[in-house]
Amino acid sequence: MLKNNTRPFLLVFPLLIIGIYLSQFQEYAAFMALFASAASLLWLYLEYRGQPHAEKIFWVLLVCAGYFLGILDIGYLPESESTAAITGEVVSVRRLTYNQRVIVQSPELRAKLAVQLPLEAEVAPGLRLSMRGRVVRPDSARIPGEFNYRQFLRGQGVYAVIELEEFEVLAEKNWVRVLIADLREYVRANLNKNMRSPQLLTALILGDRHELTPEQENLWQQLGITHLLAVSGMHISLLASVLWMVVQAVPAPPAVKRLLVAAILLNYVFLSGSQPSAWRAWLSALFAGAGSERHRLDGLHVWSLVGVLMLVVSPSMLWQIGFQLSFAASGGIILWSPFIKRVEQKFPKGWFSGFAARACLSIFISVIAQLSLIPLLLHHFAEVAVLAPIATLLMLPLVFLLLLGGLVLGAFGSLAAPVGWFLDRVTNAANWLADTLSPYGYVITAPALPFDWVLVWYISFIGVGIICRRYYIALGKVTLTRWLCIGLALVLVVSLPLPVRRPLEITFLDVGQGDCILIRTPYKQHILIDGGGDSVYWQLRGRNVGLETVVPYLKYRGIDHLDLVMLSHPHEDHLHGLLAVLEHFSVGLVVDNGQPHTTNTYLKYLELIETQDIPHRSLTAGDQLHLRGGVKLTVLHPSRLVTGTSSDFNNNSLVVNLNYQGRNVLFTGDLDWEGMLDLLQRGEIHSVDLVKVPHHGSKAALLPRFYQLLDPDYAVITVGKNSFGHPDPDVLALLDEMGIKTKRTDQDGTVSFFIWNGRLGRFFSAR
């Protein structure tokens with residue numbers, strides 16, 4: 001069918017990926033079924049007639065196959081959130097701070113589910129549970145950069161969670177899973193008993209990083225060597241080489257020896273937690289060893305075939321970051337392998353030159369792998385470790401010793417106690433080397449790379465790799481006119497003023513019931529108005545919005561410095577989140593209305609300003625802040641701190657007008673009707689293009705005359721789940737009656753507006 005006898009699976013793998021990616025749009029399943037049926041009939045007809053277009057139809061059918069693989073993987077989840085009785089087999093258990101996250105496989109729903117059980121519950125992989133509760137979809141990230149629980153579970157093939165009412169551990173067991181779990185605990189116990197510091201080895205052998213200290217994990221991330229803790233092709237090949245030398249002493253045919261090595265490696269895959277990178281490496285080794293010397297399978301063919309098999313068995317693997325990184329790195333190395341061999345041939349022969357050649361090639365291969373990973377690292381983590389290739393090369397011998405020694409110690413326990421003593425010294429050496437390299441472990445942080453730019457990167461990377469495999473580079477005919485046109489176009493783009501090339505961005509973050517607004521100017525100045533917050537009255541108890549939502553979002557946008565932080569008033573839903581911001585970012589200036597508060601949050605706010613040595617000013621009506629590029633912030637309220645109102649803190653909110661390129665945006669804090677009347681009486685209200693609706697759309701902030709004078713085109717209500725009735729129906733009715741286009745963060749999520757060349761609107765996404 002595919003006219004490629006050497007790599008018939010090369011196209012199947014990416015086409016299945018496209019189909020599985022599209023399966024997240026389940027609402028089109030009926031249409032896709034009709035389309036696939038029609039395409040199948042057309043393909044059969046064209047294939048029967050021997051038409052060349054049959055091949056293209058077949059490619060389309062592969063995409064459809066991937067789509068339905070993804071749909072079937074989701075299972076038969078109930079559409080309603082009614083209470084149901086479900087049984088399930090425990091697949092994995094993760095102990096958290098306050099409970100256990102348990103993944104179960106339900107035979108009734110043919111799907112995996114996540115459930116939270118108390119810490120005292122005795123559950124383990126292989127046991128069966130009887131549960132009663134509501135089956136609901138897991139929470140998704142409200143803003144980019146925030147931890148996405150739904151996406152995290154999707155990578156494990158879990159598409160729903162059970163809000164548990166009651167459960168019972170049944171007597172039935174899956175003895176295969178129980179045996180694997182017992183084997184892992186046996187190895188863990190041997191490591192803990194015979195080593196002083198088994199944490200690093202536990203992460204390497206069992207794939208369990210939870211025992212690593214946060215300092216250790218951050219250090220390895222900074223150096224870009226956390227991939228050494230994930231069982232991959234490098235680990236499998238090293239272990240396979242040692243095993244192959246050992247089995248040479250076995251009097252058996254080569255095929256039996258290969259089968260024995262494959263069986264031992266398979267046990268190691270299960271022992272290490274069955275990670276996608278481990279399965280990829282084991283399957284690749286299995287298929288690569290299956291071919292004879294004369295009929296060795298092509299590397300790209302094996303890579304594609306392994307990917308196809310893994311996705312057919314478990315389509316949800318596509319969403320696992322480990323799967324993506326593993327196939328990206330290995331695929332890049334295989335693609336560029338002919339070019340790497342050409343580079344190797346350039347080195348002179350000899351002992352010393354051969355050693356230097358191996359060292360240089362190792363670094364070169366690591367660089368190729370890093371180039372393969374950069375777009376995914378920027379897309380998922382918004383950072384890249386510069387020292388990763390060299391740090392990997394230096395750390396690899398120690399990891400190799402830990403791997404072999406750890407398997408021996410884990411298998412024989414006290415019988416190999418001297419090995420534990422040796423491994424403690426190797427662990428100390430690895431920690432010392434990591435500490436030594438840490439001052440040079442520079443990490444490039446950047447805004448998270450959008451998915452379309454990830455595709456552009458890989459298309460370019462693969463294109464250049466194909467050219468290098470063909471041993472030539474086609475540049476086309478070089479002419480003076482062509483170079484002159486390219487040069488003039490580049491000069492024109494670069495010479496355009498920044499306000500023409502870049503818009504001013506105003507983003508209202510979805511932080512629940514609270515305010516948090518980010519302003520980014522064309523000159524990359526960053527202003528943060530409020531930081532959201534927490535209160536037991538309307539947020540989840542113990543949740544830190546600043547640390548879990550605002551800080552990740554700012555890092556996701558590549559921001560490491562805030563030029564201005566503005567606090568509208570010291571209520572918790574505006575102030576609390578700023579504490580984490582002040583702790584994690586450098587700040588040029590903090591401004592507020594000067595009204596003190598007695599809460600611990602406000603006292604901590606003042607303490608952070610003092611300890612971080614941040615300039616601090618109190619603003620009143622008439623104060624102005626001028627930023628580069630003609631951006632002007634004018635304070636309209638308060639002219640003085642008012643007292644005796646229904647809520648003095650709300651009515652003393654800073655009201656600030658942003659003016660840029662003739663457009664005006666009004667930020668109103670939690671102003672109530674008394675403060676709005678004060679503004680009207682002082683004649684400070686004028687027409688604006690966009691207004692942040694005061695006090696989350698509260699009834700107390702309903703003053704029709706206020707909105708009539710503002711006459712905005714757009715209004716934004718920053719609101720979340722609450723018990724106050726925000727936004728009030730009368731406020732919504734007034735905005736609708738006036739024809740004001742209104743956005744709500746509780747319904748629309750994070751909302752961005754842009755002022756670009758004298759126009760205000762939502763021209764493109766916040767990314």
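Start at 1 with the first residue, then count along the sequence.
Between the side chain of N657 and the main chain of T634, no donor-acceptor pair closer than 3.5 Å is present. Formation of a donor-acceptor pair under 3.5 Å by the H576 side chain with backbone atoms of E572 is not found in this model. Formation of a donor-acceptor pair under 3.5 Å by the T549 side chain with backbone atoms of G546 is not found in this model. A donor-acceptor pair under 3.5 Å is formed between the side chain of Q320 and the backbone N or O of G155. Counting only distance, with no hydrogens or angles, the side chain of K721 and the backbone of G512 share no donor-acceptor pair below 3.5 Å.
You'll find the side chain of V161 reaches within 4.5 Å of the side chain of V136, heavy atoms only. Residues S653 and N593 fail the side-chain proximity criterion, which asks for heavy atoms closer than 4.5 Å. V716 places a side-chain heavy atom less than 4.5 Å from the side chain of F753. Using a 4.5 Å heavy-atom threshold, the side chains of I527 and T521 count as touching.
Relative orientation of the H569 and H571 rings is perpendicular, given thresholds of 30° and 60° on the angle between their planes.
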- Message: Run D746 and N722 through side-chain contact (heavy atoms from CB on, under 4.5 Å) and show every step you take.
- Response: CA-CA 10 Å; D746 63 334; N722 64 89; over 6 Å; no
- Message: I519 vs L504, test: side-chain contact (heavy atoms from CB on, under 4.5 Å). Steps then yes/no.
- Response: CA-CA 7 Å; I519 301 171; L504 181 139; 4.3 Å; yes
- Item | S698 and D728: CA distance, side-chain angles, deciding distance, side-chain contact (heavy atoms from CB on, under 4.5 Å) verdict | CA-CA 5 Å; S698 166; D728 188 81; over 6 Å; no
- Step by step, work out the side-chain contact (heavy atoms from CB on, under 4.5 Å) result for I529 and D515. CA-CA 8 Å; I529 302 177; D515 276 15; over 6 Å; no
- Message: Evaluate D435 against S438 for side-chain hydrogen bond (donor to acceptor under 3.5 Å, both in side chains), listing each step before the verdict.
- Response: CA-CA 5 Å; D435 289 333; S438 62; 5.1 Å; no
- Give the intermediate values and the outcome of side-chain hydrogen bond (donor to acceptor under 3.5 Å, both in side chains) for residues T226 and Q221. CA-CA 6 Å; T226 51; Q221 288 176 351; 5.9 Å; no
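Side-chain atoms of D670 and H574 include a donor-acceptor pair closer than 3.5 Å. Residues H726 and Q513 have side chains that bring a donor and an acceptor to within less than 3.5 angstrom of each other. Side chain to side chain, D689 and N664 fail the donor-acceptor criterion of an N or O pair below 3.5 Å. For the residue pair N651/T645, the side-chain donor-acceptor check at 3.5 Å is satisfied. With hydrogens and angles left out, the side-chain atoms of Q525 and D563 include no donor and acceptor closer than 3.5 Å.
W453 CH2 to H379 NE2: the interatomic distance, rounded to the nearest 0.5 Å, is 15.0 Å. To the nearest 0.5 Å, the span separating CD1 on I559 from OG on S586 amounts to 11.0 Å. For the atom pair H616 NE2 and I609 CD1, the distance stands at 4.5 Å (nearest 0.5 Å).
Tested against M738, the residues T742, D736, I740, L735 include a single side-chain contact (heavy atoms from CB on, under 4.5 Å) partner, I740. Under the side-chain hydrogen bond (donor to acceptor under 3.5 Å, both in side chains) rule, S568 has a single partner from N652, N650, D592, D530, which is D530.
Ion pairing of E163 with R134 is present here, as a side-chain N (NZ or NE/NH1/NH2) and a carboxylate O approach within less than 4.0 Å.
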